[in-house]
Amino acid sequence: MLDQIHLLAAVTVLGVLEQAYFFLQVIYARRAFGVSPPKISGPPEFERIFRAQVNSSEYFPIFLALLWQAGLFFHQGLAAALGLLYLCARYCYFMGYKASSSERLAPIYFSTGVLWILVAVSALGILHFFLSHYGRLNILWLLRA
């Protein structure tokens, strides 16, 4: 069983570490710009870092759910590769947003595209499971014929 999920687990740990890095960046920015909790407004430089972290946190559960569904129902290697692309795009998004709000656009579009691919792969894998398990219809076998 572990050989079927080890790549997904590794990408999940990397994602958690990335989220922790983003959280730390907000802490450092709070100190640097003198913005004490629970305030969430301050200089534009702080607000960009804060928004980048919050936006990334909001999408993280969606990413995790899709990563695991795609990996379990479709293909672990493909899901893990897409997961790494997503994490890289999110890092670029964070760093771009930290520099300027306009620098966040290309990475956010790319990461959104990766999420949509994970949605499609997950849906195909789940559809295949239902059709083969309950309908006794193997799509992959039909495609090869």
Side-chain angles (χ1 to χ4, degrees), residues 1-30 32-33 35 37 40-145:
M1 163 91 178
L2 292 179
D3 61 330
Q4 297 173 354
I5 61 170
H6 67 284
L7 296 175
L8 302 175
V11 172
T12 299
V13 170
L14 286 174
V16 169
L17 290 173
E18 182 176 71
Q19 290 297 306
Y21 173 76
F22 295 161
F23 293 140
L24 287 173
Q25 293 303 301
V26 172
I27 291 170
Y28 298 148
R30 282 188 180 281
F33 298 109
V35 180
I40 58 171
S41 61
E45 296 83 3
F46 168 77
E47 289 182 7
R48 287 196 310 268
I49 293 168
F50 181 79
R51 284 306 317 156
Q53 182 269 317
V54 170
N55 291 347
S56 295
S57 295
E58 289 170 347
Y59 276 87
F60 194 62
I62 296 167
F63 162 69
L64 286 180
L66 291 172
L67 171 74
W68 281 86
Q69 287 176 39
L72 294 175
F73 287 99
F74 195 83
H75 190 276
Q76 177 188 205
L78 177 63
L82 289 169
L84 289 174
L85 277 175
Y86 177 81
L87 294 177
C88 181
R90 269 294 161 174
Y91 179 80
C92 292
Y93 165 80
F94 186 91
M95 298 312 275
Y97 207 167
K98 185 176 176 180
S100 164
S101 61
S102 63
E103 294 291 318
R104 78 190 193 290
L105 295 176
I108 195 67
Y109 294 146
F110 185 79
S111 65
T112 302
V114 172
L115 282 180
W116 279 112
I117 294 169
L118 283 170
V119 167
V121 170
S122 297
L124 285 173
I126 292 168
L127 177 65
H128 175 261
F129 175 81
F130 279 129
L131 290 175
S132 64
H133 191 72
Y134 296 110
R136 310 257 186 254
L137 180 64
N138 190 332
I139 296 173
L140 297 178
W141 184 80
L142 291 173
L143 290 175
R144 288 186 205 140

Tell me whether the rings of Y86 and F63 are parallel (<30°), tilted (30 to 60°) or perpendicular (>60°). parallel
Looking at Q53, is its backbone amide N or carbonyl O close enough to the side chain of Q19 to form a donor-acceptor pair, meaning the two atoms are under 3.5 Å apart? no
With heavy-atom distances below 4.5 Å as the criterion, would you say the side chains of S57 and F22 are in contact? no
Within the side chain of R104, is there an N or O that forms a donor-acceptor pair under 3.5 Å with the backbone of S101? yes
So, Q4 side chain and L72 main chain: donor-acceptor pair closer than 3.5 Å or not? no
To the closest 0.5 Å, what do you measure between CD1 (I117) and CG (L82)? 6.0 Å
Checking E103 side chain against M95 main chain: does a donor-acceptor pair fall under 3.5 Å? no
Cation-pi between R90 and Y59: NZ/CZ under 6.0 Å from ring centre and within 45° of the ring axis? yes
Could you tell me how the ring of Y134 sits relative to the ring of F129: parallel (under 30°), tilted (30 to 60°) or perpendicular (over 60°)? perpendicular
Might you point out which heavy atoms bring I126 and Q69 nearest each other, and give the distance in Å? CD1-OE1, 3.6 Å
When rounded to the nearest 0.5 angstrom, what is the spacing between CZ in F94 and CD1 in I108? 12.5 Å
Rounded to the nearest 0.5 angstrom, the CG-CG distance for L84 and L14 is 6.5 Å
Hey, does E58 have a side-chain heavy atom less than 4.5 Å from the side chain of V54? yes
Please find the pair of heavy atoms, one from A29 and one from I49, that lie closest to each other, and give the distance. CB-CD1, 3.8 Å
I5 and W68, any side-chain heavy atoms less than 4.5 Å apart: yes
N/O donor-acceptor pair under 3.5 Å between E47 side chain and G42 backbone: yes
Check: Y97/N55 side-chain N/O donor and acceptor closer than 3.5 Å: no
Nearest heavy atoms of S122 and A70, plus distance in Å: OG-N, 3.2 Å
Which heavy atom in A79 sits nearest to a heavy atom in L67, and how many Å separate them? O-CD1, 3.3 Å
Any heavy-atom pair between the side chains of L66 and V121 that's under 4.5 Å? no
Please find the pair of heavy atoms, one from P43 and one from V35, that lie closest to each other, and give the distance. CD-CG2, 4.0 Å
Say you draw a straight line from OG of S56 to CG of L87; how long is it, rounded to the nearest 0.5 Å? 10.0 Å
Roughly how far, to the nearest 0.5 Å, is the CG atom of L7 from the CG atom of L78? 11.5 Å
Non-hydrogen atoms of R30 and I40 that approach each other most closely: NH2-CG2, 4.2 Å
Do the side chains of V16 and F60 get nearer than 4.5 Å, heavy atoms only? yes
Using only atom types and a distance under 3.5 Å, with no angle test, would you say the side chain of H133 pairs donor to acceptor with the backbone of F130? no
